[in-house]
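Please read the structure below before turning to the comments.
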Amino acid sequence: MNVSPVSRTEVMERAVKGLELNEVVDLASPEGACASLRRAASFLCPASPRQLVDAVLDALQPLDTSSSVTRDSLMEQLDLLISVGDLLELRDPEERETRQLYLGPPSYVAKTSGQYLLLGVRPYAAPLIGDALGADVVYKGHTRSILLDAKIASTQLDAIGLHEIRREQWLKAPRVEDSAGILTELRQRLAVAGPSGQVEGLTLIDPLRPVRYYKGRWRDSKADDTGDFVARRPQAYGADLWCFVRVQAGAPVALIDFPVADLTAPGRDEAWRAQAALDAERGQPQVLRVRTGGGSERGAMLDLFAPVPGWAQRYLEFSGGPVTRSKGSLFSYEVPAAAVRGLAEFLGAMLWMQVLEEDEGGTA
Amino acid sequence: VVVVNVEKGAQGGTAEIFAQGGTAEILEYFHRKLDVHFRHLHDARQQLAPAAPVFGLEHDLSGADLELLQATVRAAVAQGFGPRFRQWWLPFVVYAAEFGYDYVGDEYWPPFEAATPSWRTHGDRYRIRAWFSKFADDYGGAVPTGAFAEHFTIISWPITHAVLPVYLQRQLAELLDGFRTGLTTDLLNDPAALGRALASRSVGYTERFRIFCENTALLGQVAAALWTGEGEESPYLVRSTLERIVGGLSSERQSRERLTRWRQAASRVRTTGFRSQSPETTSRQRKARLPSATDPKLFLRRDDAGWRAYAELPDLTLLQGRLPHLFDELRTSRARIAGLDGKLLATGRLTYPGQEVRFSSWPRPEVPFVQLDRGSAPVNALIADQCMISPGPWWLFRRRPGAPATEVKGKFVRPGHSYCLIAEKGTEPPALPWISEAVIHVDGVRAFELAVPATISDDEAAEVVAAGLSALADVVVRPVGLVASSWDGEGTIEWLAGEPAMIAISAERVPDKCIISIDGLLSVFNWPPQQSDLFLVLDGLAVGNHEVTATLLAPGGGPSVAAGTLLVTIRDPQVRPASATSGEGIRLLASPARPTLAELWDGRATLLIQGPPQSTGQLSVILRDAAGAELGRIRRRVDLPMSTGGWARFARQELQGDGLRGRYDEAESCEVVVSRAGVGFASLVCERGFRPLRWVIVKRHRGGHAARLIDRTDGGKTLVEFFPVESPLRGTRCTPGEEIEAPPRGGLLRATTGPLEASVILPPDPNQLRAMRTARPSVQVGARTPAEVIRLLRGHRNWLVADLPADPFARYQRQTVLNAITSALISLIAGGYWAKFEGQLSDDHVIDHLDKMPELVGIKHYQRILAKRIGDCLWCWSDSAAALESGFAEAIASYAAHCGLYDSAKAARFFLKLASNPGELMDWDSSDRDRLIEHAMRSPVLVRAARFAVLGTEALQSGDATSSAAGGKG
């Protein structure tokens, strides 16, 4: 047994190595934070998002002199891990009202021939790939991928217990609907829902606040609130419950919980689509900014200002890859130029997004 | 003839040498050569501490030499195996060990006989055993140990001397790979400890591999030898044998990679000197017991009504290395958890860690937290010692938003934190303004909420300490960098072995030095200037429990300014079970755990599938033969989650369906897989089991069946009996080794040798059965004595545990026999009126007699009250076996106490079992069972009451109880 003092930097380097990350990755980077979140999940799940974030904060905060690792930033990364399928938000079989996080099964999706997105988390911090395949895992933001010989890749990945998810299945999205249709159905459900009574801890998205500042749209209900809102309420021991709530004079009168359509999907997927529909209905659709001509040699940069449902997130992962977010956006992706039109059409049809194109800082 | 150049002889023409009468001479040559070699090895192995054994496979002969030796042994056997050959016995040991190496886990002797002409005529198995025994005496040869050696007294020798048969090599590679992060220099230098550590992780492997792992010494030596680098010598195996095993492992890509990783890990551990002091040594020096990885994790949740207390059950299979039969008992036992008011966990459920239980009363620290119902004394003693809650009278829980309150085992509070304090009744908390009483729904304790202010005065700290708690303010010791596998947020941490253990020590006031004590060993460090944190790496902490204390010293050699403690558990790296963990979206739980193929097929095992509510998944059942080839498969979409009842319905419909039924009898294993893409994946393999005795049912082309016994017991003393359906307790002797034709009505075949037994239901011939008149099984009953009751219980059990072939008529015939024996048993004990009633039941529907049964329970006032109460509750109790058991226990409680049966729950289980599945009582503790039988015979009213409850609930469930008069409740 040996006890030795080490510097803060050395602790971080050892932690990066312990997480089996590339040694140039910073522990406080999105890649490092996601690896820590996956590791915490591997021990703690089923758990609430708060438990995972707290566990990572406990381990990183003594090292984080720049305060770059915050509860909010970890929560954002956790949302992305849920969107791609590394973690699942499911209802607790015993306490059916409670939604907890579970480990996504070790899986892969063929992104292109020879390039595979890696998904899921093994329990007990076991590496998803390890050194069994002789190829390095590429960490980019919250995503992991690996390059393998396409002829033998599925055999290799199957042999180490990864299950293939077919591309169509992974990218499966709800049917295309207009925003009014979505809202009509939800309002019909609200109309037949019983009285909600007082709802503890309810916070809602203010539809009047700018769609380009998602965090700033959240607030408590006010006495002059009347209308239908996307809202959420905290649970003592689970993920926040997302809901569609009818408010009169600041008081909730009817409420339906998400998810409504797919009970194995996180509630926020349907909630975010409902909010996109509300914004579109008001004539203030959510925004997709496409930047071309600058920074990247081959592709375009996409900036999003509001979170998108998991199926839209997966479409983005499939088309491109996450990059450091641009100023003011919630997250950014780099995609090949050829994929931009398809993506814009998809997000326009599914989430009624308005596309803003910019070229080197100028709006086209 | 003197064979000078054996190599040349082997290549040139061995037949010529044998023809010249050289067989004995060649044997002598090899014997002398082997004698020198093995003697040399023996001397070298004796120098090791502890001494290591020699294996027959370590003959170190070249390929040509080995071929000649084998040919010579065959020639010797063919020439009569006479004394002139037998005096040179070492070649025979090598020959038998070589067969052990190629052994595939099925039968040893048939391929041996096939490859050794005239062995059946001249050979002698006992002589082989005697030679191996002599090899152990003369050359320090390995001696087989474990259950395998007990059951297979002859073939265990050559198989042990084969070191690692080919068919087990792949699993060994997997086991080593999973353990590599747990390696330490200590383990590499102590093969016995390494073997124990590896054996404790073998529970998820096939039964045959687990049997191999029972010989922990051999396992450890092979594992230690395998980390030797290429071209290096191992002190435990000669190079040629090691290379042979490595070559076998390397023939499969995945195993080769696993072996490579194992060697790399071992090399890293060797070069970094990953050595640690033994935790056992230091733990003896400490008075207080430190938390263990096998302790339950207590936690609290609060809802609108108040606090509720829970425990997460630990992974007790970690203790497997200490008692080899631990897993078997965990697998087949129900468990009693303290604080659950006598409720038992389902059979085998303790092998699935991470389950939550909710306390109705607070567990008492002096009472074992977990005990196996009818578990052996050593196993229960081990569990009691290794699975404990912390001592009272206080239990402190840290509250954090969005998470359950987790126990702070160090029982210290920090400024600014919130806690819930649980106190034994009669214990008063410190009188402080920030402590207030709260509601808790657990008997025996009170709850207090603590909102510790940001600063605590000295007086307040003194109050806290006076109550037996601690208050810490000036120093924080916590893990840093990597999220630990468990951390209570205060002072108790768990890391996985092999991972970097890093801590941060934070001080309110910057000290001059820090003294670190780990299990009593001191190190002193200068505090980094201008820093509030000191970071330390603890390398090489051994698996076990440790206490780390940090004492901060003021500048100028002043007194210590603060001290903080961290309780550390280092645990073996865990491996995901194929059935998945509690943190995954889909999980499969079996009861008993790891059931055999037969248990799964005939309904003795149940499955529970956990999954997202109101979703669906794919459920596949795949039958495989001994080589793993698929024989049949069904795939169905099922609703998730699936209850045990849902599984029972699925099994009834699908396992007996056309897709699988025809392949069951030839199957060696079955895999159950449940999955949903993107949500989860869990599987369970049920093996036929490595049984010394096994029946094989053969279907005749002309109709009807026959049975053949596979006897691997070596001994030749097997007794085979046949019990016809018509008289199910009267057996007739059969000749072992002969195929036995099934009579038209079928019956039970039972083979026994010593403590081993195997039985199977012989199916009837439905065509002939249809043409015969209905005949009820005739159960002959003797005098009303406890001995006669035991005889009937044993008879019932023999039919109950017999394997069922995939034949619905066999199932029906067995149920008919079980019903008849149960009815006869109840008639014997319950008295004349009830016996007469049992006779009527065989012809009528039970539902038609529901009104009559209460008056048959008894005519005295209290008996009528008891019967009425049972009658009133039948509907409620028909929901589940658990409802019946707990309800019946409550109903009989006062009368049972009047009879001296103060544990009404146990009495209820006994009487319900007697009235439904009496054969299962043979597995009870015999003193308990015999005492309750005497009670039953003295006061049969409880027997009648139990029979009424069993028949009544089943009648209400089915509407027609005739066909299931002694079904599965209880």
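Letters A, B, ... mirror the listed sequences (proteins, then strands); counts begin at 1. Please read these numbers as outputs of a predicted model, since none were measured by experiment.
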Report task. Enter the distance from B:L534:CG to A:R8:CZ here, rounded to the nearest 0.5 Å. Result -> 11.0 Å
Query raised in the report: For B:V537 and A:R14, what are the C-alpha separation, side-chain angles and deciding distance, and is it a side-chain contact (heavy atoms from CB on, under 4.5 Å)?
Result: CA-CA 10 Å; B:V537 175; A:R14 284 180 180 240; 3.2 Å; yes
Report summary line: The interface call for A:R166 against chain B, heavy-atom contacts under 4.5 Å, is neither
Query raised in the report: Who among B:G354, B:P500, B:S485, B:S532 has the most heavy-atom pairs with chain A under 4.5 Å?
Result: B:S485
Query - Heavy-atom pair with the smallest gap, counting every atom of A:Y237 and B:A403 - result: CE2-O, 3.3 Å
Query raised in the report: With a 4.5 angstrom heavy-atom cut-off, which part of B:T581 approaches chain A: side chain, backbone, both or neither?
Result: side chain
Query - Heavy-atom contact with chain B under 4.5 Å, split by part of A:A40 - result: both
Query raised in the report: Measuring from B:R676:CZ to A:H163:NE2, what's the distance to the nearest 0.5 Å?
Result: 15.0 Å
Report task. Supply the atom-to-atom distance A:N2 CG to B:I518 CD1, rounded to the nearest 0.5 angstrom. Result -> 9.0 Å
Query raised in the report: Side chain, backbone, both or neither: which part of B:L538 has a heavy atom under 4.5 Å from chain A?
Result: both
Report summary line: When rounded to the nearest 0.5 Å, the distance separating CZ of B:R576 from CG of A:L103 is 9.5 Å
Query raised in the report: Which bit of B:A580 comes within less than 4.5 Å of chain A, counting heavy atoms only: side chain, backbone, both or neither?
Result: neither
Query raised in the report: Do you know which of B:G585, B:A504, B:S523 has the most heavy-atom pairs with chain A at a distance under 4.5 angstrom?
Result: B:G585
Query raised in the report: Where is the tightest heavy-atom contact between A:R91 and B:P613, given as atom of each residue plus distance?
Result: O-CD, 3.6 Å
**Report entry** Closest contact, heavy atoms only, A:Y124 versus B:V575
**Finding:** CE1-O, 3.8 Å
Report summary line: Whatever's closer than 4.5 Å to a heavy atom in chain B on A:L19 counts as both
Query raised in the report: Quick check: are there more than 12 heavy atoms from other residues, nucleotides or ligands sitting under 6.0 Å from CG of B:D303?
Result: yes
**Report entry** Trace of the side-chain contact (heavy atoms from CB on, under 4.5 Å) decision for B:R400 with A:D58
**Finding:** CA-CA 12 Å; B:R400 301 182 84 168; A:D58 278 351; 2.9 Å; yes
Requested in this report: Examine distances only and state if a side-chain atom of A:R39 and a backbone atom of B:V483 form a donor-acceptor pair shorter than 3.5 Å.
Outcome: yes
Query - chain A contact via B:P404 - side chain, backbone, both or neither, heavy atoms under 4.5 Å - result: both
Report summary line: Here the gap from A:Y102 atom OH to B:I586 atom CD1, rounded to the nearest 0.5 Å, amounts to 11.5 Å
Query raised in the report: Side chain, backbone, both or neither: which part of A:P62 has a non-hydrogen atom closer than 4.5 Å to chain B?
Result: both
Report task. Below 4.5 Å from any heavy atom of chain B, which atoms of A:R122 appear? Answer side chain, backbone, both or neither. Result -> neither
Query raised in the report: Checking B:Q531 against chain A: side chain, backbone, both or neither under 4.5 Å from a heavy atom?
Result: side chain
Query raised in the report: From A:T9 OG1 over to B:F535 CZ, what is the distance, rounded to the nearest 0.5 angstrom?
Result: 9.5 Å
Query raised in the report: Between B:P401 and chain A, which part of the residue has a heavy atom less than 4.5 Å away: side chain, backbone, both or neither?
Result: both
